[in-house]
Number of protein chains: 2
Amino acid sequence: MCLTEHTPSNATARLLSLWRIREQASRRPPPDKGSRLKSANNHRKNHLLAALPEESYVRLLPELELIAMPLGWVLYESGGRLNYLYFPISGIVSLLYVTTNGASSEIAITGNEGLVGISLFMGGESTTNRAVVQCAGHAYRMPVPALKMEFALGGAFQHLALRYTQTLITQMAQTSVCNRHHSLDQQLCRWLLLSIDRLKDSELIMTQELIANMLGVRREGVTEAAGKLQQAKLINYSRGKITVLNRPGLEKRVCECYAVVKNEFERLLPYRVPA
Amino acid sequence: MCLTEHTPSNATARLLSLWRIREQASRRPPPDKGSRLKSANNHRKNHLLAALPEESYVRLLPELELIAMPLGWVLYESGGRLNYLYFPISGIVSLLYVTTNGASSEIAITGNEGLVGISLFMGGESTTNRAVVQCAGHAYRMPVPALKMEFALGGAFQHLALRYTQTLITQMAQTSVCNRHHSLDQQLCRWLLLSIDRLKDSELIMTQELIANMLGVRREGVTEAAGKLQQAKLINYSRGKITVLNRPGLEKRVCECYAVVKNEFERLLPYRVPA
DNA sequence: CCTCATATGTTCGCTAGCACACAGACGAAA
DNA sequence: TTTCGTCTGTGTGCTAGCGAACATATGAGG
């Protein structure tokens, strides 16, 4: 492919670990329809659904189906077709780009503040990235026809979807800049903060190997950076479980990128606690 | 700001060169209204305008005003308010992110295939990046009220604008990955190809210093990478003028990122030659 | 033709992060 | 308890790109 490409030796290892994820995925297709979680209030755990006016909300309600998002499940593949728009109510979904030689980078991250599958309403039907569940959780999914109808109305739903897309764009731009200019240490802090912002507790189930895949760096690099944070008592980790002990401490170390993304988020989609 | 931030010493130099740009900009506000270029067919030099059905086109025509985009002109500033949506018919506009310590990175690039100011219809009104004219040219601009009205119709215009936004997202994602995984040499090739794709001739007015700002690297690095390309007779440059001599040669050296962006572009917005 | 600001070339030491190769350490299952 | 797979820690080169300082070239304007 590329003669002058960086040697893909280690990249192969990364690819393997991604394969592992994908196999997990095929083993566990989305179950959980009609679980105990299915009570009206759960919908409002997704901030976008929560922000919908009553009128749109009642229209969409019957279309929404609750599903479980197991760790590692691939919501959509690069170039693949989507049949649903997803509104997470818990857990984290990563938008991941995987290069032809197996190296990968996280492009953006979505939790219960957003939705997964913007290409459905943007018009492309597919994108060049992959969406993977990074932390298990649940989501409501909406079939494409319903989505398109509601979007075409040009009302609150369209408005929210587009604003959310704009925050995603900000996140992607910031990731790009961060990749270029900031140290691995800072990027790890950013990643940790963005992630725990999307969880209720401050505990992540995530190995350093996977974090390395997200950040697009070597696992050893993450070990080193995480080691520093642990020494500073900001986090604690062992065997795929990371606990944030001192959030303000992380915020001191992180680069500007985190704040930019967060501020832009609050500017565009101020979250109102659902009634 | 960031204690562990990379030293901003050289970044300062970069900032200065950006200042220079901005001063040029304030010296030359958009003139050129009603120039000789103003003939009906010129609108169609912008691919998005060209793709509009007659019905929308005639509605928008009276709203469009031709302006010149001088080199270095800032269409909008990070966080700043926009009053127009721009449809370039020639020249190149860079979306640039500048960090607090003065380092910068190009996020995406727009020519006559697209439009500048997506935040206007996405809903944010502003973005965290800056749009700078990288190669002088002309554009039609549309005032915000007209834009919003047309967009709200939910017709072809909305459709095209959103599809274009999707290609822009692809470009940003790819830039991010490229920043992480590919060598400066390859990135330079990508940048050159993306740029000359948006120009009629294969000549760029651009110093290595400025390219370095776009790519977010040191000028010396660009000198070295460009030197290799010149030795290989792929390009020729001197004092701020770069000529591409051997396009296929560049395409052999470039990383996958260029092709991904280009293919996605053609998939989403196949350009039909205007009648 | 000369001057001078600007653009490019080159050098040297330095650091972050890479590749590769193991060693330990923990925990779930047998 | 033992075993074994998975995580994490560490070390040894190595390279790309950084910072800084300076040398050279070149073209536009006097």
Side-chain angles (χ1 to χ4, degrees), chain A residues 4-17 20-21 24 71-72 101-103 105 178-188 204-213 215-231 235-242 255, chain B residues 4-17 20-21 24 71-72 101-103 105 178-188 204-213 215-231 235-242 255:
Chain A
T4 55
E5 193 79 14
H6 292 170
T7 54
S9 34
N10 188 14
T12 308
R14 291 184 199 151
L15 182 58
L16 288 179
S17 91
R20 224 180 301 140
I21 287 185
Q24 278 187 17
L71 182 65
N101 64 44
S105 270
C178 203
N179 275 354
R180 170 61 77 207
H181 294 290
H182 299 144
S183 69
L184 206 167
D185 291 29
Q186 294 188 309
Q187 290 180 53
L188 178 60
L204 275 167
I205 305 299
M206 176 79 37
T207 66
Q208 298 185 354
E209 173 88 41
L210 283 178
I211 297 180
N213 285 330
L215 296 180
V217 298
R218 278 181 326 147
R219 193 224 80 215
E220 292 90 326
V222 174
T223 299
E224 200 185 321
K228 286 185 205 165
L229 295 181
Q230 176 147 266
Q231 274 199 322
I235 66 172
N236 182 44
Y237 63 91
S238 92
R239 298 188 72 70
K241 201 165 93 175
I242 303 179
C255 45
Chain B
T4 55
E5 193 79 14
H6 293 169
T7 54
S9 33
N10 188 15
T12 309
R14 291 183 198 154
L15 183 57
L16 286 179
S17 90
R20 223 182 299 138
I21 287 186
Q24 277 188 18
L71 182 64
N101 64 41
S105 272
C178 204
N179 275 355
R180 170 63 76 205
H181 295 290
H182 299 144
S183 69
L184 206 167
D185 291 30
Q186 294 189 309
Q187 290 180 54
L188 178 60
L204 277 167
I205 304 300
M206 175 78 39
T207 66
Q208 299 185 353
E209 173 89 39
L210 282 179
I211 296 179
N213 285 330
L215 296 180
V217 297
R218 279 183 325 154
R219 193 225 79 215
E220 290 90 328
V222 174
T223 300
E224 200 186 320
K228 287 185 206 166
L229 295 181
Q230 175 146 269
Q231 273 199 325
I235 66 171
N236 182 46
Y237 63 91
S238 93
R239 297 188 73 71
K241 200 165 91 172
I242 303 179
C255 46

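The basis for the numbers below is simple: all heavy atoms, side chains too, and nothing from hydrogens, waters or symmetry mates.
- In this structure, Met206(B) atom CE and dT8(C) atom P are separated by 11 Å, rounded to whole Å.
- For the pair Gln187(A) and Asn179(A), the minimum side-chain heavy-atom distance is below 4.5 Å.
- Here the side chain of Arg219(A) is nearest to one of dA19(C), dA7(C), dG9(D), namely dG9(D).
- Arg218(A) places its CZ atom 14 Å from the P atom of dG11(D), with the value rounded to the nearest Å.
- No side-chain heavy atom of Cys178(A) sits under 4.5 Å from any side-chain heavy atom of Gln186(A).
- Rounding to whole angstrom units, CG of residue Leu188(B) and P of dA16(D) are separated by 16 Å.
- Look at CD1 on Ile205(B): it is 17 Å from P on dT6(C), rounded to the nearest Å.
- Spacing between atom CD of Glu209(A) and atom C1' of dA19(C) amounts to 14 Å, rounded to whole angstrom units.
- Taking 4.0 angstrom as the limit, Gln230(B) places none of its side-chain polar atoms (N or O) nearer than this to OP1 or OP2 of dT8(C).
- Put simply, CD on Gln230(B) and CD1 on Ile242(B) are 9.5 Å apart, with the number rounded to the nearest 0.5 Å.
- Other residues, nucleotides and ligands contribute at most 12 non-hydrogen atoms within 6.0 Å of the CD atom of Glu224(B).
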Checklist outcome for this item: Expected string for nucleotides 25-30 of chain C under the B/S/- scheme (protein heavy atoms, under 4.0 Å, primed atoms plus P, OP1, OP2 as sugar-phosphate) is BBS---

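- Atom CD of Glu224(A) and atom P of dT15(C) are 14 Å apart (whole Å).
- Taking side-chain N and O atoms only, Tyr237(B) has no distance below 4.0 Å to OP1 or OP2 of dT26(D).
- Here the nucleotide nearest the side chain of Glu220(B), chosen from dC18(C), dA21(D), dT10(D), is dA21(D).
- Atom-to-atom distance recorded for Arg219(B):CZ and Leu210(B):CG is 12.0 Å, nearest 0.5 angstrom.
- In this structure, Lys228(B) places its NZ atom 13 Å from P of dT10(C), rounding to the nearest Å.
- Within 4.0 Å of Gly221(A), counting heavy atoms only, lies no atom of the nucleic acid at all.
- At least one side-chain nitrogen or oxygen of Gln208(A) sits closer than 4.0 Å to the OP1 or OP2 atom of dG9(D).
- Counting to the nearest Å, the C1' atom of dG17(D) and the CG atom of Leu215(B) are 13 Å from each other.
- When side chains are defined from C-beta on, Leu204(B) does not count as touching Lys241(B), because their heavy atoms never get closer than 4.5 Å.
- Within the 3.5 Å criterion, the main-chain N or O of Val217(B) finds no donor-acceptor partner in the side chain of Arg180(A).
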